[in-house]
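Reviewing the structure listed below.
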Amino acid sequence: MSDTQTRLFDLTGRNGLVLGIANEHSIATGCARAFAAQGATLGVTYLNDKAKPHVAAVAESLPCAFLLPCDVQKPGELEAVFDEVKARWGKLDFLLHAIAFAPAADLHGRVIDSSSEGFAKAMDVSCHSFLSAARLAEPLMTGGGTLLAVTYQGSERVVPHYNLMGPVKAALESAVRYAAAELGPKGIRVHAMSPGPIATRAASGIEKFDELLDTAARQAPEHRLATIEDCGALAAFLVSDGAKMLTGTFIPIDGGQHLLA
Ligand code: NAD
């Protein structure tokens, strides 16, 4: 076997930016751990001072080169993170965007009742920030790279209580398609992973989330729920050379629940 074949999934010497760790239960945490296990060095961000100790506790267990604040709605914070990437590494190999937010008042009502402000905020944080991150990553991915977003099947089908996040995730998926087409010529690949329900902080904002978990476990042919480790395994594969012919994919991590009507 050639050296290239044995190192297909190896991330040694690769630098990745992980946006979206809130705590040890975050999907981004599972991904960061998987990237690290394959040898990558990471930069990690936290939302605000309240979140910092929880994110720092995760970052301590990683090969983490820097930990910076990043509220994508605060002017300059996302840019400052990429300035650090440029100063420290001079390039970026991959980026995970695992960020979502919708104001509770809008998330908990009918989609048709959502406010213009709430809709715009959810779109800005959960979708447009992915495009901003892609734009900032582009000049740093000189040797190609991979951008990952995290979506949910509530984008395509009406999932009870997912509400406003449905159209927002649909927009995110469309953004992934356009970014994949626009950045493909530069060797930058773009994907969205689509996990089934996982009990995280963001998920706790969705009403009756327990019912979503029960339904997923019942419907999925494997009859088990996705974990953040399952997400990490796919993420590490997608950013590796083993996936270099793939771009613009939407991969369910749900034990097959998406197959069921
Ligand atoms: P989480 O609460 O652990 O992570 C959400 C992250 O979004 C947090 O780190 C939070 O700080 C960040 N965030 C929110 N507003 C932000 C802002 N203004 N600026 C920067 N960061 C901000 O929850 P999670 O479930 O791990 O969510 C990660 C991603 O996975 C989200 O895109 C979510 O929609 C998606 N997802 C989750 C599930 C699930 O069931 N948990 C399923 C499918 C997709």
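Numbering starts at 1 and runs along the sequence shown. Whatever order the structure lists ligands and atoms in, that order sets their numbers, starting from 1.
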At a heavy-atom distance under 4.0 Å, which protein residues reach ligand 1? Sort them by chain and number, would you?
G20, I21, A22, S26, I27, L47, C70, D71, V72, A98, I99, A100, F101, V125, V150, T151, Y152, K169, P195, G196, P197, I198, T200, R201, A202, A203, F209
Of all residues at least two apart in sequence or in a different chain, which pass the side chain to side chain donor-acceptor pair (under 3.5 Å) check with E156?
none
Please check this pair: side chain of E207 against backbone of H161, looking for a donor-acceptor N/O pair closer than 3.5 Å.
no
So, taking the atom named OG1 in T142 and the one named CD1 in I188, what distance separates them when rounded to the nearest 0.5 Å?
9.0 Å
What is the distance from atom OG1 of T146 to atom CG of D241, rounded to the nearest 0.5 Å?
8.5 Å
Check step by step if side chain to side chain donor-acceptor pair (under 3.5 Å) holds for S129 and H97.
CA-CA 9 Å; S129 67; H97 175 286; 2.8 Å; yes
Around R201, counting heavy atoms of other residues, nucleotides and ligands shown, do more than 12 lie under 6.0 Å from its CZ?
no
